[in-house]
Amino acid sequence: MTTTVGHAHPALAPTTLGGLALRNRYAVAPMTRVSAAPDGTPTGEMADYYAEFARGGFGLVISEGTYPDTAASQGYLNQPGLARDEHVAGWRVVTAGVRAAGGRMIAQLMHAGAISQGNPHQGHTVGPSAVQPRGEMMPAYGGSGPWSVPRELTVAEIDGIVDGFAAAARRAREAGFDGVEVHAANGYLLDQFLTDYTNRRTDSYGGPVDGRIRLTARVVTAVAEAVPELVTGVRLSQTKVNDFTYRWPGGRDDAEVIFAAVAEAGADYLHIASEGRNWLETAKLADGGTITALARQVTGLPVIANGGMHDLAQAREVLAGEHADVLSIGHGALANPDLPARVAAAEPLAEFDRAMVSPTVTVANTRRWRESRQA
């Protein structure tokens, strides 16, 4: 990877995201850390973890996927929530720390749906259709074995899920977040509705792509209307935590329908995820263009690109080539919580070591890894 660059790297330039002023174009990608209290309340350790990124110069911090209700949305044990007053109080400490260090923070709201592997509120999973998810549960997040077959959601339950997202968005505002990102990517519930092989519905939420994107669009509208003073974003992806090879079957045509639908629904920005893959691997279209550039062209909205954006040469290409407006970084941020400061000073970047998130992806394990290197 490229590790040094001059002071004029375009990622260091300020920008705006749906009216939210950012000091640079570097964002911390949402990364599940399963480090909340058992009831979903963020901890002081989490507050230190998030504030460190802001102190290191990141203009934007996006929270890990946060469950919006106490029904079927929670995906992992010790995942944080925004479903109760205690959650709001815990997140308020986190957002205050990020803001005090000069950063801005967005809450990502996530309903796990059929790929929930740790939910104390319900003993069953739900999905668009009774289709068993591909692959197996993830040991790094406390799961093992095959996924169970979800129960198909009723239309009334879908309405309740939409209301749950809106209520959680209002709690995000109370907790001091600057925006809300609707997680419709990576194989979770909203993406399960969008994916053709997990959505076999014959009602208005199934069938062609304009039906399969309907629930995501409804959620985006509900969130935008619930908190009009906050930025509303939506995260989309083709790949998933349990399927790295999936692509939207209609290619560019599907992408155009999807992007137009979420923009019309009220999104202020789009975040295109790569699920651990390099941006080029998942963004390239058959005609040579990129899906992130297409999102910008179709919607006229700012786009966040994800996947290997710690590579400074690639980051420069993405911004200079107008493929995206902001860069979200996961593994590279874990290895370099001060990455923007290092780039500004032309200092080398550290390589990500998978031991940082082993055997489980907790904040405590990452901290212990760093302490062992400093000893």
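All of these numbers come straight from a predicted model, not from anything done at the bench.
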> Using a 4.5 Å cut-off on heavy atoms from C-beta on, say whether the side chain of F58 contacts that of V98.
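The answer is no; the side chains never approach within 4.5 Å.
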> For a 4.5 angstrom cut-off between non-hydrogen side-chain atoms, does P30 reach H271?
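P30 vs H271: side chains touch.
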> Using atom types as modelled and distance alone, determine if a side-chain donor or acceptor of Q132 lies under 3.5 Å from a backbone N or O of W147.
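It does hold such a pair.
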> Counting only heavy atoms not in D287, do more than 12 sit closer than 6.0 Å to its CG atom?
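Buried by this count: over 12 neighbours within 6.0 Å.
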> Any sub-3.5 Å donor-acceptor pair from S274's side-chain atoms to N306's backbone N or O?
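Side chain of S274 to backbone of N306, a donor-acceptor pair under 3.5 Å: yes, one is there.
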> Does any part of the side chain of P150, heavy atoms only, come nearer than 4.5 Å to the side chain of I115, both counted from C-beta?
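No, side chains not in contact.
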> Is a donor from one side chain sitting under 3.5 angstrom from an acceptor on the other, for W91 and T66?
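Their side chains do not contain a donor-acceptor pair, so the 3.5 Å distance test is not met.
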> Please check this pair: side chain of S237 against backbone of A185, looking for a donor-acceptor N/O pair closer than 3.5 Å.
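No, because the side chain of S237 does not come within donor-acceptor range (under 3.5 Å) of the backbone of A185.
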> Given Y246, which of D196, D191, T239 fulfils the side-chain hydrogen bond (donor to acceptor under 3.5 Å, both in side chains) condition?
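Exactly one pass, corresponding to D196.
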> Are V182 and V262 side-chain neighbours, meaning at least one heavy-atom pair lies under 4.5 Å?
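They are not in contact (no side-chain heavy atoms under 4.5 Å apart), so the answer is no.
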> Please tell me whether L189 and Y67 are part of a single hydrophobic cluster in this structure, the criterion being side-chain heavy atoms less than 4.5 Å apart.
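Cluster IDs for L189 and Y67 differ.
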> Using a cut-off of 6.0 Å, state whether more than 12 heavy atoms not belonging to R200 lie near its atom CZ.
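Incorrect, the count does not exceed 12.
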> May I ask you to decide if M356's main-chain N or O and T366's side chain share a donor-acceptor pair within less than 3.5 Å?
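Yes; at least one donor-acceptor contact below 3.5 Å.
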> Would you find a donor on one side and an acceptor on the other, under 3.5 Å apart, between the side chain of R25 and the backbone of A11?
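Side chain of R25 to backbone of A11: no pair is present.
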> For G307, is there any backbone N or O sitting under 3.5 Å from a side-chain donor or acceptor partner on Q314?
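Indeed, once roles are kept as given, a pair shorter than 3.5 Å links the two residues.
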> Do you see a donor-acceptor pair shorter than 3.5 Å between the side chains of D243 and Y197?
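Yes.
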> Keeping the roles fixed (side chain from R201, backbone from G211), state whether a donor-acceptor pair exists under 3.5 Å.
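Looks like no, no N/O pair under 3.5 Å.
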> Ignoring hydrogens and angles, tell me if any N or O in the side chain of N78 forms a donor-acceptor pair with the backbone of A36 under 3.5 Å.
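Between the backbone of A36 and the side chain of N78 there is a qualifying donor-acceptor contact (under 3.5 Å).
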> Under 3.5 Å, is there a donor-acceptor pair between the side chain of T125 and the main chain of S116?
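Checking the backbone N and O of S116 against the side chain of T125, no donor-acceptor pair under 3.5 Å is found.
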> Verify whether one side chain among Y188 and R235 offers a donor that lies under 3.5 Å from an acceptor in the other.
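Checked: Y188/R235 side chains show no N/O donor-acceptor pair below 3.5 Å.
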